[in-house]
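Input: a single structure, listed below in structure tokens.
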Amino acid sequence: MDRAFKDVCQEKTAIQTVSLAIETFGRIDILVNNAGIGKLIPLVESISDDYYEIMDTNVFSSFIFSKYAAIEMLKKRQGKIIFVSSVTGHVGHEDETIYTMTKFAQRGLSQAIDKELRSQGIKTCVVCPSATKTEFEVGYGRTKESVEAAHLETADDVAQGILYACKAENTVWEIRMR
């Protein structure tokens with residue numbers, strides 16, 4: 001597992017990151033949960049290590065960062081927690097069983113947090129892009145050239161969706177792209 005992914009899955013990383021934000025800026029207005037890992041692995045070929053790596057990176061990191069950011073946001077009774085999920089969180093895809101599960105879980109986590117904290121000034125939004133023209137898509141039979149040639153969303157498209165979620169006065173609960 002890549003070191004960055006290991007770090008984002010550690011509770012101490014969330015605590016240190018939120019503390020640094022408070023120390024630097026005095027508050028947290030917006031948290032964007034964007035850590036993610038995807039692997040094309042058929043169910044019968046997956047192993048429990050695949051499950052833990054993908055689940056910890058995509059879901060546990062969102063949970064733990066949201067928890068510590070929300071603690072600080074509640075002090076000001078305002079904030080937005082944004083989850084970058086996937087259209088795969090709406091429709092399961094073959095050979096992406098674990099990844100699909102994590103993206104459904106992110107949507108559920110966002111809904112639960114929204115219901116729990118909206119009345120206290122904390123809003124959530126889920127941004128669900130489709131396949132994006134980035135290095136995230138390369139591998140498992142896809143080359144950099146095939147990804148570049150495909151008609152996919154760009155990182156800028158996704159960034160615009162996230163920016164919209166950040167700026168919206170009445171945060172929409174979900175932005176499904178393409």
Side-chain angles (χ1 to χ4, degrees), residues 1-11 13-14 31-67 69-70 80-116 123-165 171-178:
M1 184 190 286
D2 184 295
R3 179 172 161 64
F5 289 122
K6 280 185 175 179
D7 288 348
V8 81
C9 299
Q10 300 297 315
E11 189 166 9
T13 303
L31 169 68
V32 178
N33 286 304
N34 190 41
I37 186 171
K39 291 183 176 182
L40 290 171
I41 308 170
L43 175 64
V44 297
E45 294 176 19
S46 63
I47 59 173
S48 51
D49 284 350
D50 296 324
Y51 170 86
Y52 290 113
E53 178 183 25
I54 299 168
M55 185 61 81
D56 286 353
T57 303
N58 295 1
V59 182
F60 182 73
S61 69
S62 292
F63 164 77
I64 204 67
F65 273 81
S66 295
K67 173 187 172 179
K80 292 183 182 177
I81 300 174
I82 299 168
F83 295 81
V84 180
S85 184
S86 170
V87 296
T88 305
H90 286 273
V91 179
H93 291 99
E94 66 180 289
D95 299 333
E96 292 183 309
T97 306
I98 301 169
Y99 179 75
T100 296
M101 178 175 39
T102 68
K103 295 307 174 176
F104 271 84
Q106 278 187 316
R107 290 181 59 241
L109 176 59
S110 177
Q111 279 182 359
I113 292 171
D114 197 70
K115 289 187 183 307
E116 182 176 333
K123 301 172 185 172
T124 69
C125 183
V126 180
V127 178
C128 297
S130 59
T132 306
K133 203 177 278 199
T134 65
E135 65 278 355
F136 187 86
E137 291 297 320
V138 176
Y140 296 97
R142 295 180 301 252
T143 65
K144 185 175 181 180
E145 294 74 28
S146 69
V147 168
E148 283 297 320
H151 296 288
L152 304 176
E153 291 179 280
T154 66
D156 189 57
D157 295 332
V158 178
Q160 290 302 314
I162 294 168
L163 185 59
Y164 176 79
T171 301
V172 293
W173 182 75
E174 183 170 57
I175 300 170
R176 199 180 317 186
M177 302 178 75
R178 220 190 285 220

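Position 1 is the first residue of the sequence; numbering continues from there.
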Here the pair of heavy atoms bringing Ala165 nearest to Val127 is CB-CG2, 4.4 Å

Could you measure the distance from the CD1 atom of Ile64 to the CD atom of Gln10? Nearest 0.5 Å is fine. 10.5 Å

Counting neighbours of OH on Tyr51 that are heavy atoms of other residues, nucleotides or ligands and sit closer than 6.0 Å, is the number greater than 12? no

With a 3.5 Å distance limit and no angle check, can you tell me whether Thr102 reaches the backbone of Tyr99 through a side-chain donor-acceptor pair? yes

Heavy atoms only: give me the nearest Thr13-Asp7 pair and the separation to one decimal. OG1-O, 2.6 Å

Show the nearest heavy-atom pair for residues Thr100 and Gly92, with the distance to one decimal. CG2-CA, 3.4 Å

Given 3.5 Å as the limit, does a donor-acceptor pair link the side chain of Ser62 with the main chain of Asn58, or not? yes

Taking Asn34 for its side chain and Val84 for its backbone only, find out whether a donor-acceptor pair lies under 3.5 Å. no

CZ (Phe65) and CD (Glu11) are apart, to the nearest 0.5 Å, by 10.5 Å

Please round to the nearest 0.5 Å and tell me the distance separating atom CD1 of Ile113 and atom OG1 of Thr124. 7.0 Å

Given 3.5 Å as the limit, does a donor-acceptor pair link the side chain of Ser85 with the main chain of Lys103, or not? yes

dist Leu40:CG -> Ile98:CD1 (nearest 0.5 Å) comes out at 11.5 Å

Separation between CD1 of Ile47 and CD of Glu53, rounded to the nearest 0.5 Å: 9.0 Å

Specify the closest pair of heavy atoms between Asn33 and Ser66, including all atoms of both residues, with the distance to one decimal. ND2-OG, 3.0 Å

Side chains of Gln106 and Val126: closer than 4.5 Å at any heavy-atom pair? no

Look only at the side chain of Ser110 and the backbone of Arg107, and say whether a donor-acceptor pair between them is shorter than 3.5 Å. no

Stepwise side-chain contact (heavy atoms from CB on, under 4.5 Å) check, Ile54 with Lys39: CA-CA 8 Å; Ile54 299 168; Lys39 291 183 176 182; 4.0 Å; yes

Taking all atoms of both residues into account, what is the closest heavy-atom pair of His90 and Cys128, and its distance? NE2-SG, 3.9 Å

I need the Asp114 CG to Lys123 NZ distance, nearest 0.5 Å. 9.5 Å

